[in-house]
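Here the structure comes first, spelled out in structure tokens, and everything after it is commentary.
In listed order, ligands and their atoms are each counted from 1.
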Amino acid sequence: MSEVTFSKEGNIGIIFVNNPPVNALSQAVRAGLQSGVEQGLADNDVEAMVILCGGSTFIAGADIREFGKPSQPPALPDVVYFMEDSPKPMIAAIHGTALGGGLEVALSCHFRIAAPTAKVGLPEVKLGLLPGAGGTQRLPRIAGVKAALEMIVSGDPISAQKTKTIGIIDEIAEGDLKTAALAYAKRIVTEKTPLRKVREMAAKVDSPTQFEDFAKSIARSKRGFIAPFKCIEAIRASVEMSFDEGMKQERTLFEGLRQGTQSGAQRHVFFAEREVVKVPGLPKDLATRDIKIVGILGAGTMGGGIAMCFANAGIPVRLLDMKQEFIDRGLGVIRKNYSNTVAKGRLAQEDMDQRMALIMPTLSYEDLKDVDLVIEAVFEDMAVKKEVFGKLEKICKPGAILASNTSYLNIDDIAAATGRPQDVVGMHFFSPANVMRLLENVRGAKTADDVKATVMKIGKKIGKVPVMVGVCDGFVGNRMLGKRSRECGFMLEEGALPTQIDKVIFDFGFPMGPYAMSDMAGLDVGWRNRKAKFNELTKREQDNNLLDKICEMGRYGQKTGAGFYKYDDKRNTTPDPLIEELILQHSKDRGIVRRVITDQEILERALYSMINEGAKILEEGIAARPVDIDAVYLYGYGFPAYHGGPMFYADTVGLKNIYEAILKYKDLVGAEYWTPSPLLEKLAKEGKGFYSM
Ligand code: T1G
């Protein structure tokens, strides 16, 4: 198949790119573009050339899969330089999303026309990169430094209308894009419109400290990432250097990022999000059940958030609760959430109204009889769940999927409360459900394959990253997090303080440390779980009763103004000397001589305990692949994208190093907590990683 073809319509050459699914700039496409322009230049009948793409989108960027390999000529910067040097007008005809190298190809053309629904963007920063084919040098010249900083550092696409306003696009096509592009090219030839080479334009700063100011403005949101700040450096070169010097600076900065660990991790994240939806063993084309109406039990925080997920996707919801006051409160929270988004200008009022109209509150189970999927988000108690599912089985139509939002209860036990276990599945949303993208779909032993395929498909449709997991205590995410919590609790009594542990985890890249997070979630939640599982705990875990002591003081975290930390009425956090005294006394009472615990030990015990548990989860088949575990942590627990997820990070550190550290902690803390997973031990000894098993 030829990815790029050249043809003529009258005096206009057409360079047609057809490289499904997104016309990525593979080596063949780059070579095809080059030869297409050469053909047009050599043909005396051709007076202008149009670049068009087949399929759903204009070129959506370089082929990300090529970045880990040695680059092959022709290099994209050379191809686009050659295009811009064409003495014959070059016109880019954009539809879908012209992203990354695709927009850079368009910027090296002399003119650009776009379909009204088209979008353009430079998302390289999301891959830990920066535009590497002149985007950082041409965009500031044509759109201005401010727009270039915003587009390149955010990586977010903008609409065709906005691009016309800031000067990237010259024409918005009326009707068929190809027809409009050919007519535009003919007009340029007829009117002898002077060629506009973007590289010959000048880029000007808007203020002397524009770059420093912009870097400060992203310091918090881009904390820990390297690429956003390199993007600023590259854009600065467009103002302070000649175009050619700026291109050299861009190339240097690009290569530095491409070879760095952060970009490798972020490219892994890009593919991970897409890989997890393909569940091993589930046929790709398995027919799924049609989900037209969704029932949700429980109008509380979780139920309300889940209702919003479906309403946002245009799917009608029946929201059931037992009392009108619960319904009213739940709808009030949903309405407030939408209103806040409208107030920020991120949602139109009419869209909010449409979504609210899709949520039908009810007090009657009868209103669930025709739903295609019901998700219960009621109290986390097995007896309650069994009672609810017993009712659902009688009410819901045959073929309706009965899902539980439980975060750790056994789906098989819940399914056993019904006569149709094949229709029962877990759909574990993460709070706030209308924000967190992770959805742990928990397959029961008897869950039907088409039910699994359906919840994966509907999860993607409502904008989640659905991950298929098996039944175990805590599934994947909470089971691994429990090990981190255990180790941090041990380190508190051995010598560390909450502030030190939180700082180490925060500096690694998590949004917050475990104690700040517990205070935010509510210590009473963890306390209730601890009491429920107390008999399953080891003696040391039972004796490590710091959480009990803090909760018994009525300190449940932010909601009571104090937990591990103190909070003022604006929820500003301050360490509390009272907690430090409590911890020191606790160690004394336990006969533990406190010692200095290094940040490195904290990091290793917090992360490697999770990684070791992740390896066990793989051995047990609870997760099918390391990528499933990474996705859970990236989209449900704020694992920093520039580390790629716990299993990818483990490979970066090296399993041999992790294995040796585990043995060290086995001696220090005890074999019952630190016995290496056999899989991890095997891979470490073979010099392999989770991703090179
Ligand atoms: N390279 C390779 N494969 C890609 C790809 C890419 N750029 N983009 C998508 N795919 C695959 C994807 O993995 C999936 O594969 C299939 O295409 C459909 O994707 C030099 C250095 C374009 C908005 O970052 O944002 O240019 O799972 O499921 O929802 O300066 O794909 O089917 O096997 O996402 O319709 C910059 C990344 C690259 C754009 C379409 N460009 N892609 O979304 O489909 S770096 C990007 C997207 C660069 C230059 C720099 C989206 C999309 P599979 P999909 P979609």
Side-chain angles (χ1 to χ4, degrees), residues 3 17 19-30 33 53-69 71-81 83 94-108 117-139 148 151-159 227 230-231 234-235 247 250-260 263-264 266-279 284-285 437 456-457 459-461 463-466 627 631 641:
E3 288 79 358
V17 181
N19 183 29
V22 298
N23 289 314
L25 283 156
S26 62
Q27 188 280 337
V29 171
R30 298 193 304 271
L33 284 172
C53 293
S56 62
T57 178
F58 191 77
I59 298 166
D63 188 330
I64 305 172
R65 297 180 197 280
E66 287 186 358
F67 287 136
K69 303 168 194 159
S71 47
Q72 291 177 307
L76 188 59
D78 300 335
V79 173
V80 300
Y81 207 104
M83 288 166 69
I94 297 171
H95 72 293
T97 48
L99 299 175
L103 179 54
E104 290 171 309
V105 165
L107 288 174
S108 67
T117 53
K119 290 187 174 181
V120 304
L122 292 171
E124 290 86 341
V125 70
K126 296 180 179 177
L127 299 168
L129 298 168
L130 52 77
T136 65
Q137 305 305 304
R138 288 192 174 87
L139 193 63
M151 275 183 73
I152 293 172
V153 175
S154 72
D156 294 336
I158 59 175
S159 68
K230 297 298 181 188
C231 287
I235 296 165
M247 284 301 292
E250 178 191 88
R251 178 54 43 183
T252 304
L253 294 169
F254 175 85
E255 277 308 316
L257 290 170
R258 186 178 68 86
Q259 292 162 34
S263 182
Q266 290 175 253
R267 298 197 306 267
H268 161 70
V269 172
F270 174 84
F271 289 115
E273 179 184 346
R274 291 155 178 83
E275 196 59 31
V276 291
V277 183
K278 302 164 194 164
V279 178
K284 199 174 171 190
D285 53 359
R437 293 193 64 201
M456 295 303 282
K457 184 178 175 184
K460 196 175 176 196
K461 182 170 183 181
K464 298 295 178 185
V465 178
V627 73

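- Close approach of ligand 1 to Phe271 (heavy-atom distance below 4.0 Å) involves ligand atoms 13 (O).
- Using a 4.0 Å threshold on non-hydrogen atoms, atom 55 (P) of ligand 1 does not count as touching the protein.
- Residue Gly101 has at least one heavy-atom neighbour below 4.0 Å for each of these atoms of ligand 1: 26 (O), 48 (C), 49 (C).
- By the 4.0 Å heavy-atom criterion, Asp63 is counted among the residues contacting ligand 1.
- Put simply, the side chain of Ile152 does not reach to within 4.5 Å of the side chain of Glu124, judged on heavy atoms.
- Using a 4.5 Å cut-off on side-chain heavy atoms (C-beta onward), Phe254 and Thr136 make no contact.
- Atom 35 (O) of ligand 1 is not flagged as protein-proximal [any protein heavy atom, distance under 4.0 Å].
- The closest approach between Gly135 and ligand 1 stays at or above 4.0 Å for every heavy atom of the residue.
- Per-residue contacts place Pro131 under 4.0 angstrom from the following atoms of ligand 1 (heavy atoms of the residue considered): 30 (O).
- For the pair Lys278 and ligand 1, a heavy-atom separation below 4.0 Å is found.
- One distance of note links CG of Leu107 with CE of Met83; it measures 10.5 Å at 0.5 Å rounding.
- Both tests pass for Arg274 against the ring of Phe270: distance under 6.0 Å to the centre and angle within 45° of the axis.
- A salt bridge links Glu255 with Arg258: the closest approach of a Lys/Arg side-chain nitrogen to an acidic carboxylate oxygen falls below 4.0 angstrom.
- Residue contacts with ligand 1, taken as heavy atom pairs separated by less than 4.0 Å, involve Glu104 solely via side-chain atoms from C-beta onward.
- Under a 3.5 Å cut-off, the side chain of Glu104 and the backbone N or O of Ala133 do form a donor-acceptor pair.
- Using a 4.0 Å cut-off to heavy atoms of Gly61, the atoms of ligand 1 that qualify are 26 (O), 41 (N).
- Closest heavy-atom approach to atom 25 (O) of ligand 1 within the set Thr57, Leu25, Val22, Leu99: this belongs to Leu99.
- Heavy-atom neighbours of Lys464 NZ from other residues, nucleotides or ligands within 6.0 Å: above the threshold of 12.
- Across the listed options Ala133, Pro77, Pro157, Ala60, Ala60 owns the non-hydrogen atom lying nearest to atom 46 (C) of ligand 1.
- The ligand atoms of ligand 1 that sit less than 4.0 angstrom from a heavy atom of Pro21 are 16 (C), 17 (O).
- Within the 4.5 Å cutoff, the side chain of Ile64 has heavy atoms near those of the Phe271 side chain.
- There is no protein heavy atom closer than 4.0 angstrom to atom 43 (O) of ligand 1.
- Looking only at side-chain heavy atoms (C-beta outward), Gln27 and Pro73 stay at 4.5 Å or farther from each other.
- One option in Ala98, Gly100, Ala62, Gly96 has a heavy atom closer to atom 38 (C) of ligand 1 than any other, and that option is Ala62.
- Residue Phe254 approaches ligand 1 through these ligand atoms, each under 4.0 Å from one of its heavy atoms: 21 (C).
- Thr57 contributes a side-chain N or O that, together with a main-chain N or O of Thr97, makes up a donor-acceptor pair within less than 3.5 Å.
- In the vicinity of Leu127, heavy-atom distances shorter than 4.0 Å reach the ligand 1 atoms 24 (O), 38 (C), 45 (S).
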